[in-house]
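Since the structure is predicted, the reported quantities are computational estimates derived from the model, not experimental observations. Naming: A, B, ... by sequence-line order, numbering from 1 per chain.
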Protein chains: 2
Amino acid sequence: MTQTNPRSASPDMRRRILDQASALLAESGPDGLSMRKLSQRIGTSTIVLYTHFRDKPAILDELFVEGFERLHGDLLAVPDNLEPVARVMELGRAYRRSAVANATYYQLMFSRCVPGFDPSAQSRQASKAAFAVLRDAVARCVDAGLVAPGDPVEIAHTLWGTLHGLISLELFGYLPPSVSGQARLEQAIEVIATGMRVAAPNTETPGIPT
Amino acid sequence: MTQTNPRSASPDMRRRILDQASALLAESGPDGLSMRKLSQRIGTSTIVLYTHFRDKPAILDELFVEGFERLHGDLLAVPDNLEPVARVMELGRAYRRSAVANATYYQLMFSRCVPGFDPSAQSRQASKAAFAVLRDAVARCVDAGLVAPGDPVEIAHTLWGTLHGLISLELFGYLPPSVSGQARLEQAIEVIATGMRVAAPNTETPGIPT
DNA sequence: ATCTGAACTATAACACCGTTATTGAACTGA
DNA sequence: TCAGTTCAATAACGGTGTTATAGTTCAGAT
């Protein structure tokens with residue numbers, strides 16, 4: 001009753017599968033994550049995977065959600081007591097750190113890197129929690145009059161797009177490695193912050209670190 | 001001498017393969033493009049593909065280059081006599097139009113959507129020609145003093161990242177379909193243009209169409 | 001005109017993939 | 001101890017990219 005599997009064997013096989021799938025994803029990339037290798041790594045046969053998950057996309061779906069939960073957690077770790085605009089920029093830095101640290105996850109989350117996998121509508125909801133952090137931070141800037149008035153959702157989407165775009169180009173190798181991706185993103189969010197702030201009533205904000 | 005294949009059979013088989021691969025890519029997406037289906041579509045056996053191309057990635061490499069050539073062409077189609085900043089924004093619009101119109105190509109160009117395929121260093125050069133259009137347009141803004149002084153390459157990278165990011169999010173379904181991707185991108189490049197322009201010596205430019 | 005040699009093609013096979021039908025094993029409850 | 005259910009393993013099916021083997025066709029030289 002407490003378990004899906006009343007048997008003693010593999011008390012939390014489901015968790016083991018996901019952990020090993022995550023490790024395999026991080027090591028070998030999306031291509032290297034095959035059902036056969038996964039079962040072999042766990043030490044069982046492939047059929048076990050199908051008793052705990054419907055099919056391969058179902059496993060990827062969980063990793064997809066897990067990736068957004070990590071991203072969400074990394075964004076929540078940004079201090080809450082910063083000056084609003086500075087906090088948005090700090091969120092941008094945290095976003096990049098999280099994406100680069102979990103590059104294969106990021107690939108799974110934002111590109112169709114596995115042939116049969118398309119995240120389910122329910123899993124896509126996980127992305128909204130992470131986005132909400134960014135949106136709320138932008139909304140705080142708008143409410144404080146630190147930014148040109150506008151829909152926080154739209155502004156946050158612009159910001160998200162820029163973050164994702166630069167990181168995506170960086171991870172794909174389109175940006176020359178001479179300058180660090182961090183520095184480039186730094187300049188980009190500076191431009192956007194300036195663009196957002198330009199029409200605001202009070203441009204100068206008191207007590208900003210930078 | 002004029003042909004790689006002195007035989008009469010298949011005067012330009014290579015071209016036929018690429019054309020059908022392109023069509024198959026556009027129809028069925030990256031997943032649907034298999035060597036068997038491709039050869040079946042042409043009406044031959046799979047081995048023909050390997051006599052003209054080293055392997056599957058070699059074919060994808062050509063499509064990859066072809067995709068960037070399309071993008072390059074679409075950017076070059078933007079009028080040259082616009083006011084510099086307006087021209088950059090127009091390039092942004094052209095970029096999105098091109099990406100959306102050739103979505104599967106765009107996917108091939110910017111995401112690892114085919115397991116074994118990683119564009120060769122030589123093919124990646126094709127991306128630089130397209131980027132150069134954007135870079136030169138930005139440089140013109142800088143030279144004219146219409147934009148805060150800075151490295152045109154860096155500024156163009158920021159712009160490229162934003163374009164790519166928003167388009168990527170749009171194509172992946174992360175942006176709500178309520179607002180058109182065009183409108184969202186419009187607002188984004190407006191913010192960036194403002195941010196770039198804010199520290200320029202002379203903000204007002206004479207004789208601008210828009 | 002025949003032969004040689006090279007280039008192209010087809011068949012079949014290999015190893016891998018995701019998935020599953022069939023079979024076998026193991027444990028719970030009576 | 002026995003019945004019944006639920007797990008797991010083997011082997012298979014159809015699919016993928018790729019290639020070894022073998023067959024075919026043509027250009028040029030004798």
Next on the checklist: Under a 3.5 Å distance rule, please check whether B/D61 uses its side chain to pair with a backbone N or O of B/S120 as donor and acceptor.
Outcome noted: yes

Checklist entry - How long is the line joining CD1 of A/I17 and P of D/dC7, in whole Å? => result 12 Å

Next on the checklist: Could you tell me how far apart A/Y50 (OH) and C/dT22 (P) are, to the nearest whole angstrom?
Outcome noted: 18 Å

Next on the checklist: Could you tell me how far apart A/R14 (CZ) and D/dC7 (C1') are, to the nearest whole angstrom?
Outcome noted: 17 Å

Checklist entry - When we call it a touch if two heavy atoms are under 4.0 Å apart, what does A/T51 touch: a base, just sugar-phosphate, or nothing? => result sugar-phosphate

Checklist outcome for this item: Here the distance between atom C1' of C/dC17 and atom CE of B/M35, to the nearest Å, is 17 Å

Checklist entry - When the distance from CD of A/Q40 to C1' of D/dT10 is rounded to whole Å, what number comes out? => result 15 Å

Next on the checklist: For B/Y174 and A/H164, I'd like to know if the aromatic rings sit close, meaning centre-to-centre distance below 6.0 Å.
Outcome noted: no

Item to check | Side-chain-base donor-acceptor pair under 3.5 Å for A/R36 and C/dG18 | outcome: yes

Checklist entry - If we only count heavy atoms from C-beta on, is the B/H72 to B/V133 side-chain gap below 4.5 Å? => result yes

Checklist entry - Contact class for B/S34 (heavy atom, under 4.0 Å): base, sugar-phosphate, or nothing? => result sugar-phosphate

Item to check | Residues, nucleotides or ligands: over 12 heavy atoms within 6.0 Å of B/Q182 CD | outcome: yes

Checklist entry - Is the ring centre of B/F110 less than 6.0 Å from the ring centre of B/F64? => result no

Checklist entry - Atom CG of A/D31 and atom P of C/dC16: how far apart are they, to the nearest Å? => result 16 Å

Checklist outcome for this item: Of B/I47 and A/K56, the one whose closest nucleotide on DNA chain C sits nearer the 5' end is B/I47

Item to check | Residue met sooner reading DNA chain D from 5', once A/S45 and B/K37 are mapped to nucleotides | outcome: A/S45

Item to check | Side chain of A/T46 (C-beta onward), nearest among C/dT20, C/dT9, C/dA10 | outcome: C/dT20

Checklist entry - CG of A/L60 versus P of C/dT19: gap in Å, rounded? => result 10 Å

Checklist entry - Looking across every strand, which nucleic acid part, if any, lies under 4.0 Å from A/L33 by heavy atom: base, sugar-phosphate, or nothing? => result sugar-phosphate

Checklist entry - In whole angstrom, what separates A/M13's CE from D/dA9's C1'? => result 12 Å

